[in-house]
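Input: a single structure, listed below in structure tokens.
Whatever order the structure lists ligands and atoms in, that order sets their numbers, starting from 1. Everything numeric here is computed off the predicted structure, so don't read it as measured data.
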Amino acid sequence: MAVEDGGVGGDQKITVTQIEGRGRAVVASKPLTAGEIILKDSPILLYSALPLNPHSTSTRHHQIQNLYCSHCFKILSNPLSVLPCPLCSSTTAFCGPTCRSTALISSHTPWVCQTLTRLRDCKFPSLHTEELQIQARFLVAANNLSRVSPCDFQTLLSLQGGPSEDANAVFLHSLISSLCNGESINFTLELTAALLAKDKLNAFGLMEPFGDTGERSVRAYGIYPNASFFNHDCLPNACRFDYVDSNNSADGSNLDVVVRAIHDVPQGREICLSYFPVNLKYSERQRRLKEDYGFTCTCDRCNVEANWSDNEEEEEEEAMEEDNDELMVDSDIGVKEVGEEEEEDESDFPHAYFFLRYMCTRENCWGTLAPLPPSNGAPSSVMECNVCGNLKRNDDGGGIDGDDALEEE
Ligand SMILES: C[S@@+](CC[C@H](N)C(=O)[O-])C[C@H]1O[C@@H](n2cnc3c(N)ncnc32)[C@H](O)[C@@H]1O
């Protein structure tokens with residue numbers, strides 16, 4: 001394992017290392033305590049997850065159009081301070097003068113404004129899929145980045161993902177080139193395809209607040225160059241938080257992502273995130289990792305579950321849906337009530353402990369729990385869910401009781 005550089009973001013808690021078969025990987029350069037902040041990272045590029053023409057897709061999108069600041073992506077809570085874009089006022093709004101003036105020279109330049117308006121107005125039926133519209137938004141943002149911040153654009157180019165045959169790239173490349181009438185910089189088809197691949201492999205979704213329906217929808221996508229180095233594990237030892245609506249937007253820090261250790265991590269251990277909710281079953285995880293990220297996962301959990309029968313997979317899923325109170329490992333049914341006999345071989349389901357301790361018990365949430373950051377080196381006994389934000393006290397006697405839920409901050 002060769003160390004590529006001395007640390008990420010000047011923080012010597014972690015190093016980026018090349019691991020055969022996994023590419024670049026983040027490794028703990030010292031022992032990390034549960035809850036410790038491993039990385040705070042700011043985006044080099046952000047774009048809305050709303051389709052260009054919300055009317056052409058779903059009512060939900062129609063309803064939430066213009067609910068967010070187009071620069072800092074905070075909810076527009078004060079209608080009196082909302083300012084429209086001077087050029088495309090009907091589709092773009094900002095939470096105040098600071099976001100508007102910053103956006104006009106960075107994320108929403110006149111070129112972006114004009115190109116998005118042309119894309120919205122164009123009548124290509126093939127642009128009527130949500131996927132293409134969101135990819136078009138990304139390509140416009142990436143093209144703009146190459147003009148306003150060439151250095152960040154080079155960073156984007158350094159991320160994982162190369163050109164491949166991609167029908168969407170062919171269509172979007174020709175569409176954006178024709179709409180720009182030569183005003184687009186030299187984005188070749190190959191570069192367009194590579195950028196779309198980088199977006200697919202590296203973009204993080206900034207999620208809508210957790211709703212009662214349990215539906216997880218994305219508000220915006222961001223490219224976080226350092227957070228992009230984390231590889232995937234189906235039982236991660238770190239998870240990612242964002243605080244778009246609660247943190248300060250004046251300095252852009254509301255858009256930062258924070259990666260925290262879920263439990264203690266020894267020096268030299270690779271630090272991994274899960275690229276999706278941990279409750280997905282084996283076949284679904286393998287399918288998504290292959291189709292979306294191009295690899296076959298061979299993590300400890302997958303190695304165990306690869307030998308399970310379909311029945312066992314379904315039983316694990318059912319077990320995770322049960323109330324998690326007072327459950328223990330059981331090799332046949334995944335989990336069992338405390339007090340039942342414990343004769344079975346726990347190696348068949350070694351990750352039951354993870355679900356009991358680190359999976360949010362709120363209905364339909366499936367978020368991951370990590371302790372709050374330690375204070376004076378002592379680990380916190382309060383766990384925070386990275387999806388719904390709930391705080392729960394961890395009694396450390398095994399298990400987290402729903403009755404211990406704390407008020408959300
Ligand atoms: C967000 S990038 C992670 C950093 C990447 N390894 C790099 O070199 O930049 C995602 C890509 O990393 C690789 N990767 C992530 N997790 C992996 C794993 N568990 N096993 C093998 N490859 C993995 C895959 O190529 C995936 O498409």
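- In this structure, OG1 in T192 is found 12.0 Å from CG in N168, a value given to the nearest 0.5 Å.
- In this structure, F230 has no ring pair (Phe, Tyr, Trp, His ring centres under 6.0 Å) partners at least two apart in sequence or on a different chain.
- A donor-acceptor contact closer than 3.5 angstrom links the side chains of Y68 and E208.
- Aromatic pair H71/F94: centroids not less than 6.0 angstrom apart.
- Donor-acceptor pairing under 3.5 Å is recorded for the side chains of D199 and Y47.
- At a 4.0 Å heavy-atom cut-off, the residues surrounding ligand 1 are G21, R22, G23, R24, Q160, L201, N202, S228, F229, F230, N231, H232, Y275, Y293, F295, listed by chain and number.
- Annotation: F138 is not in aromatic contact with Y221 [ring centroid separation under 6.0 Å not met].
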